[in-house]
*Asks:* 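Pasting a structure below so you can have a look.
Below, chain A is the first sequence line, B the second, and so on; all start at residue 1.
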2 protein chains.
Amino acid sequence: MYDVARLAGVSQTTVSFVVNNVTSAAISQETRDRVWAAIHALGWRPNAIARGLRTRHSQTLGLISDEVVTSPYAVRMILGAQEAAWSVRQMLLVVNTSGQQDIEQMALQFMLERRVEGLIYATMYHHEVVPPPDLGPVPMVLVNCFVADRSLPALIPDEVQGGYTATEALIRRGHRRIAFINEVIPMPALFGRLEGYRRALADYGLPFDPTLVCSVHSNAQEAFAATRALLELAERPTAIFCFNDKMAMGAYDAIKRLGLRIPHDVAVVGFDNLELIAAQLYPPLTTVELPHYEMGRRAVEMLQTLPAGETLPPIQHYIPCPLIERASI
Amino acid sequence: MYDVARLAGVSQTTVSFVVNNVTSAAISQETRDRVWAAIHALGWRPNAIARGLRTRHSQTLGLISDEVVTSPYAVRMILGAQEAAWSVRQMLLVVNTSGQQDIEQMALQFMLERRVEGLIYATMYHHEVVPPPDLGPVPMVLVNCFVADRSLPALIPDEVQGGYTATEALIRRGHRRIAFINEVIPMPALFGRLEGYRRALADYGLPFDPTLVCSVHSNAQEAFAATRALLELAERPTAIFCFNDKMAMGAYDAIKRLGLRIPHDVAVVGFDNLELIAAQLYPPLTTVELPHYEMGRRAVEMLQTLPAGETLPPIQHYIPCPLIERASI
DNA sequence: ATGAAAGCGCTAACAC
DNA sequence: GTGTTAGCGCTTTCAT
C-alpha cells in the first residue's frame, strides 16, 4: 500500500480512502484516478487479513455440519448459505465433522480463532443435537436440528405441514384410501409427517385407518415389500404417501411388478425431492421438498441482522415444505 | 494475550512461546502451567487473524466450483478436500459460482485478498475450462477439468480405464454381446469411456459391433427407449454398459418391462456410483465410481507439497475409476 | 483535500 | 529461561 501511495504521489492514508471509498474525506477525482492507476500498475491487492485485524471484522461465517455437506439430501443448504453470505460479501468456512465430537470441538475452536462472525450448525437429517457448549461471543443458528431445551435459534422443516400437504394433494385428486409408509426409526420427521397425514384426513372428513399405515426402514427394498403388502389388502389403497423418495422408488417397483399403473391405478407421493430420484423415475415423482436451500439462506440472513454483540432470540423457525408436482398423482 | 501474560506473571512473549510450543526457547514446565492456567482462567483464544498477518500464512485454501458443491455427483470431492485440509490444520473457503464468470472472478479476488495459500478449481462434470487468468502468486489445481493447453495441473477421472473396467467386468462374466449406451453430447467422458469399451473388447478378442452402441441424452427416459431398442435386436445383447447410473435406472425399467431379469437375462453396469440410485435400485447396481473424493483429497495434498513461492508442474493426473460391485452383473 | 500517527493482536529476532 | 522490541498491512482519528 505504501508502494502504491508512493507511485501515486500521495500518502498511504489516501490510498486507503480511495480503496474503501471513504466519503467522510472526499478525495478529488483526479487523485482517485492516480491512485487506481498506481494500484493496477503494481497489481496490488488489499490484504484482508490486515484489514480484518484492524477492523475486527473477519467477514467470515463458519458452517459446521455432520454429514450434510456430503449428502445429496442437503447440499442445497450449503448453496443457500453460501449465496446469502456472498450477497453481503462474507465467505463461508466449512467443515464436515463426520459426526465426530472431537472434530466438531476442534472445528469450533479453529473457527473462533479465525474470528468468524457467526456459526451455522447443520445436520444431515432433522434431529436433536448437543452442540459444543463454549461458543465464545459468536451467535449460532441451528439448521435442520434443535437442542432439547430450545435455547438456541433453529431452522427446521415443518414436517407436519409437509405431511399435511402431501396427503391433501392426494385427497384433492379424489383419493379416499390413502396409505402412508412411514419410517420406523423414531425421529421428528416420522412423528411430524404422520401428524400432518392424520390432520389432513381429519380436516377432509376421512377416517384414519391404521391398516393403511405401516412403518419400515427408509430404503427402497423395505418399501417394496410394504407396498406389496398394502396392495394385497382386501380393500386396497388407491394412493400411497411414502416417507421419502427412496421409498417411493421401491413402491414404484412393487406397483409396476403387480402390473398396476402410476398414477392411474395407484398414485404415489414422496418426500425430500431428491432430483436424482424424483425426476428420473417414470413417471416423474410428485414429492414434498425439504427446504434446505431456504434454511441455509435464512440461517446466514439471521446472522446478519444481529446488532453487534447481541445474541439471537432462540426462536424455532419452522420452514414450510412445498409440494413439487410432477406426474405421479 | 497481554492480560494472560500479566495474570501468569510473565511477558507476552512467553505466552506466545508456550501457546506455539516453541522449542528453540525452552520454557520451564512450571511457567507453562502457569500460562495455561491463565489462558483458561481468562478464556483467551489466539487470534488467527493477527497471527496470519504476522506469519504471512492464512492456513486457508480456496475452493471455487461451478456446481460441484450442489451436485450429488461430486459432493464427495469437497469432503476429500476438506478432510485433507483438516489434517494439516488448514481450512477451506468455498464458493459456488453457478457457472457465472463475474462471480467466479470476484470469488477469486476475495480469496486472493484473504491470502489463501492455494486454490482448487472444480467443475461438476469433466470438461475443458478457462479459469480466470490473474491468479496472483497462489498455486491452483484443477479438479475434474482441464485447460486446453494443459498449462495448469489437473486431476481428472481416467475415463478410458473406467470404460475398460466396466466392459472387462462384463466380459469376465462370460458376456460376449455387450451393448454400450453412451452419452450424446460431446465430452471427454463420452470419448474416453467408448475408447475403454473398445479396448476391452479388442483385448479379449471380441468384435466391435456398432449396432450395439448407441448415443442418447443421459437421462432415464432416453435410456429406457434405447434399452428397449437394443433388446429388440435380432441377436440381442446379454449385457448393457450404461454411460451413467441415471441411464441404468431407465435401462432397469425397460428390462423389467420386457419381463427380463437382471442380471440373469441381461446384466447392467453403470457409471458414477451415485449411492442414491445404485444402492437403491433392485437389484443393486454394479457401477464404476467417479473418484471425486480422491481428486479432492489429492488436490489439497498437491497444494501442500509446494515449497513456498513455487509453482506446481502442469501434470495431468488421471485418477482411476474403481468398479463397485453390487448385484447387477 | 490530504497526511501523520497510533494502534489492531500477534511472532520472532535478539538481548540479557 | 524470559523479556524487549520491531514490525506484519491495514484503518481511522485528528491535524493541517
*Asks:* Under 4.0 Å, counting only non-hydrogen atoms across every strand here, what does A:T55 touch: a base, just sugar-phosphate, or nothing?
*Replies:* sugar-phosphate

*Asks:* Rounding to a whole Å, what distance do you find between B:H57:NE2 and C:dC10:P?
*Replies:* 18 Å

*Asks:* Please tell me which of the listed nucleotides, C:dC10, D:dG9, C:dA12, lies nearest to the side chain of B:L53?
*Replies:* D:dG9

*Asks:* Tell me whether the rings of B:H126 and B:F146 are parallel (<30°), tilted (30 to 60°) or perpendicular (>60°).
*Replies:* perpendicular

*Asks:* What is the separation between atom CZ on A:R6 and atom P on C:dT2, rounded to the nearest whole Å?
*Replies:* 19 Å

*Asks:* Tell me the closest heavy-atom pair linking B:A8 and B:V35, and the distance in Å.
*Replies:* CB-CA, 3.9 Å

*Asks:* Rounded to whole Å, how long is the line connecting atom CZ of A:F17 with atom P of D:dC14?
*Replies:* 12 Å

*Asks:* Could you check whether A:V10 gets within reach of a base, just the sugar-phosphate, or nothing at all, counting any heavy atom under 4.0 Å?
*Replies:* sugar-phosphate

*Asks:* Counting only side-chain N and O atoms of A:T14, is one of them less than 4.0 Å from OP1 or OP2 of C:dG3?
*Replies:* yes

*Asks:* Base, sugar-phosphate, or nothing: which does A:R45 touch, judged by heavy atoms less than 4.0 Å apart?
*Replies:* sugar-phosphate

*Asks:* From CG of B:D33 over to P of D:dG1, roughly how many Å is that when rounded to an integer?
*Replies:* 15 Å

*Asks:* How many Å lie between CG on A:N21 and C1' on D:dT12, as a whole number?
*Replies:* 16 Å

*Asks:* What's the closest nucleotide to the A:S16 side chain, out of C:dT11, C:dG9, D:dT12?
*Replies:* D:dT12

*Asks:* For A:E30 and A:Q12, take the nucleotide of DNA chain C holding the closest heavy atom to each; which residue's nucleotide lies nearer the 5' end?
*Replies:* A:E30

*Asks:* Does C:dT2 have its OP1 or OP2 closer than 4.0 Å to a side-chain nitrogen or oxygen of A:T31?
*Replies:* yes

*Asks:* Nearest heavy-atom pair of B:L119 and B:L135: which atoms, and what distance?
*Replies:* CD1-CD2, 4.4 Å

*Asks:* Atom CZ of B:R54 and atom C1' of D:dG7: how far apart are they, to the nearest Å?
*Replies:* 6 Å

*Asks:* Between B:E83 (side chain) and B:R297 (backbone), is there a donor-acceptor pair under 3.5 Å?
*Replies:* no

*Asks:* Rounded to the nearest angstrom, tell me the gap between atom CG in B:D3 and atom P in C:dC8.
*Replies:* 12 Å

*Asks:* Between D:dC10, C:dC10, C:dT2, which nucleotide gets closest to the side-chain atoms of A:R51?
*Replies:* D:dC10

*Asks:* Return yes if the base of C:dA4 and the side-chain atoms of A:T13 contain a donor-acceptor N/O pair under 3.5 Å, otherwise no.
*Replies:* yes

*Asks:* When you measure from the side chain of B:N20, which nucleotide among C:dT11, C:dG9, C:dG3 comes out closest?
*Replies:* C:dT11

*Asks:* Check the distance between D:dG3's P and B:I27's CD1 and give it to me in whole angstrom.
*Replies:* 8 Å

*Asks:* So which one's nearest nucleotide on DNA chain D is more toward 5', B:Y2 or A:P46?
*Replies:* B:Y2

*Asks:* If you measure from CD on A:E294 to CD on A:E301, what distance do you get to the nearest 0.5 Å?
*Replies:* 8.0 Å

